[in-house]
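Quantities reported herein were computed from a predicted structural model and do not represent experimental measurements. Letters go in sequence order (proteins before strands), and every chain restarts at 1.
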Protein chains: 2
Amino acid sequence: MPIRILLADDHRLFRQGMISLMRTREDLVEVVGEAETGEEAVQMTGMLRPDVVLMDIYMPQKDGLQAAKEILSRFPGVAIVMLTSSEHDGHLYEAVRLGVAGYLLKNLDADELFELLEGVTHGEAAMTRSMAMRLLKGVAGRMVDAESGEEALSERELVVLRFVANGASNAEIAENLSISINTVKSHLKNILEKLQLANRTQAATYALRRGLVLPREK
Amino acid sequence: MPIRILLADDHRLFRQGMISLMRTREDLVEVVGEAETGEEAVQMTGMLRPDVVLMDIYMPQKDGLQAAKEILSRFPGVAIVMLTSSEHDGHLYEAVRLGVAGYLLKNLDADELFELLEGVTHGEAAMTRSMAMRLLKGVAGRMVDAESGEEALSERELVVLRFVANGASNAEIAENLSISINTVKSHLKNILEKLQLANRTQAATYALRRGLVLPREK
DNA sequence: AACTGCCTCACTCTAAAGGGTGATTACATC
DNA sequence: GATGTAATCACCCTTTAGAGTGAGGCAGTT
């Protein structure tokens, strides 16, 4: 019997395209459900109990990584394969840390996808050579990073960074947090050092691109 | 005869899905070519002269907007329909300004897409109600902005702003553009005044949020 | 010819940012 | 009890950013 698949992606066109593709291999794969949001993916997984969830990362309400975490804790038998366009190494590491069964980029050939999906049902990991390589490099990179002193930001540093990302000056941050400007400078200095950045503007763009602050309009 | 379509998207899976979908409506649409990068899209357009180019925005080498600009100036007869996941208003405005025939989100139904594509060949614009609404709101917003003193940035100012958004210092910008640091300061001063911003960090986040620079990974 | 906007640059001055060093308190961990 | 880390702050010093003012060249428009 074919592999039962739940498709979680917020782009209807992409889902429809995938379904159309999978119809050409009905012997191997069958799309049993679709989800538009992470929240929906969790619920549908509970109801349908698919063999594999093909999960995008960027989704409204709850992103694919959060949804994956929840699914893995509640329905450990379900295999999750991330299928995303994110070239962001951080997403890859996070997904692997959660224990997903695969991480694939949308820049992938359909036949390869079918092959890898079949492997997943046999307990293999779904990952292309290039993704595996990036993962290895990432692990190596983290070891180097640990040696060279890069660590995660503290809570307070994150708060300061968010202010910076909103264009606040040190004085304004100090006032808002009711601390001395020296302390703000101190935090910012640590932030720049930890993240290996040169100035506050780079810190701001870093924060925006990592989604540490919401990209509000206007 | 069917509408001849060039598919420009860097995700192979998406392209394959779209092709599979369009095979179901062979009477109406035909994919005559695929492009993985903006540069490729330009070249393929020259060679194939499709009726419509379905163009994504995020692509390596040359993004969809740049490619659209080039195609429209070199092959004015070709209709370009942006098909993207970008909810960024800046991208929408830019595309419309360039003169594309449509702007659609990938969160779209296949049947709707087919309908809209047919409309394009009859000279209609391919745009969903919600996109049209966003466009109108954007225009209204810009009129208000114009009254309150916001003006468009000059070409040079945009270049400087892009550097700022990448975290460059005035000295670095000056060196890269081979102009004096005083000139850079002068440009930046005008930018801040035109956009009613307080400092370069705000300018950087402004640029990022408006999509003036592509949110590169890494 | 006059005007306008854009790009270029200079000079001054003040405010802000950022690097370095060191120190205290508090809290958790080992 | 020692160690470590986070958060707080101070002082000094150098570099950078930003505001103000003025000005020349150049292209396009009226």
Checklist line | Protein-nucleotide distance (B/K185, atom NZ; D/dG20, atom P), rounded to Å | finding: 14 Å
Margin query: If the condition is side chain to side chain donor-acceptor pair (under 3.5 Å), which residues does A/T37 pass it with, not counting sequence neighbours?
Written below: A/Q61
Notebook entry, point to check: B/K194 side chain: which of C/dC6, D/dA17, C/dA16 is closest?
Noted result: C/dC6
Margin query: How many whole angstroms separate atom CD of B/E193 from atom P of C/dC6?
Written below: 12 Å
Check: In chain order, what residues pass the salt bridge (Lys or Arg N to Asp or Glu O under 4.0 Å) check against B/K69, with sequence neighbours excluded?
Finding: none
Check: Roughly how many Å is it from CG in A/N190 to P in D/dA6, rounded to a whole number?
Finding: 9 Å
Next item on the list: Mind calculating the distance between CD (B/E155) and P (D/dA27) to the nearest angstrom?
Entry: 18 Å
Identify every side-chain donor-acceptor pair in residues 170-179 of chain A under 3.5 Å, counting partners at least two apart or on other chains, and give the distances.
residue: A/N170; atom: OD1; partner: A/R200; partner atom: NH2; Å: 2.2
residue: A/E172; atom: OE1; partner: A/S169; partner atom: N; Å: 2.9
residue: A/N176; atom: ND2; partner: A/E172; partner atom: O; Å: 3.1

Next item on the list: Kindly state which residues belonging to residues 172-183 of chain A come within less than 4.0 angstrom of DNA chain C, counting heavy atoms of the residue only, listed by number.
Entry: none
Check: Which residues satisfy the side chain to side chain donor-acceptor pair (under 3.5 Å) test with B/T201, sequence neighbours excluded?
Finding: A/T201
Short N/O separations, protein against nucleotides 21-26 of chain D, under 3.5 angstrom:
residue: D/dT21; atom: O4; partner: B/K189; partner atom: NZ; Å: 3.4

Check: Is any side-chain N or O of A/N170 closer than 4.0 Å to OP1 or OP2 of C/dA16?
Finding: no
Next item on the list: Give the rounded distance in Å between these two atoms: CG of B/L188 and P of C/dA15.
Entry: 19 Å
Item checked: Five-pair end axes of the helix from C/dA1-D/dT30 to C/dC30-D/dG1 and the angle they enclose, rounded to 10° -> 40°
Item checked: B/Q202 CD to D/dG18 P, straight-line distance once rounded to whole Å -> 10 Å
Checklist line | Interatomic distance, A/R156 CZ vs D/dT8 C1' [rounded to whole Å] | finding: 9 Å
Next item on the list: Quick one: list whatever passes salt bridge (Lys or Arg N to Asp or Glu O under 4.0 Å) with B/E36, sequence neighbours left out.
Entry: B/R12, B/R15
Next item on the list: Scan A/N199 against the nucleic acid and name what it touches under 4.0 Å (heavy atoms): base, sugar-phosphate only, or nothing.
Entry: sugar-phosphate
Notebook entry, point to check: Should the pair B/K106-A/D10 be classified as a salt bridge under the 4.0 Å nitrogen-to-oxygen rule?
Noted result: no
Notebook entry, point to check: Excluding sequence neighbours, so at least two apart, what forms salt bridge (Lys or Arg N to Asp or Glu O under 4.0 Å) with A/R156?
Noted result: none
Checklist line | Close side-chain approach of B/E34 to B/L6, heavy-atom, < 4.5 Å | finding: no
Notebook entry, point to check: Whole-Å distance between D/dG18 C1' and B/R200 CZ?
Noted result: 9 Å
Next item on the list: Name all residues meeting the salt bridge (Lys or Arg N to Asp or Glu O under 4.0 Å) criterion together with B/E115; count only those two or more places apart in sequence or in a different chain, and write none if there are none.
Entry: none
Notebook entry, point to check: Please, which pairs that meet salt bridge (charged side-chain N to carboxylate O under 4.0 Å, His left out) have at least one residue in residues 70-84 of chain A, sequence neighbours excluded?
Noted result: A/K62-A/E70, A/E70-A/R74
Next item on the list: Just jot down the side chain to side chain donor-acceptor pair (under 3.5 Å) partners of A/N190, sequence neighbours excluded, or say none.
Entry: none
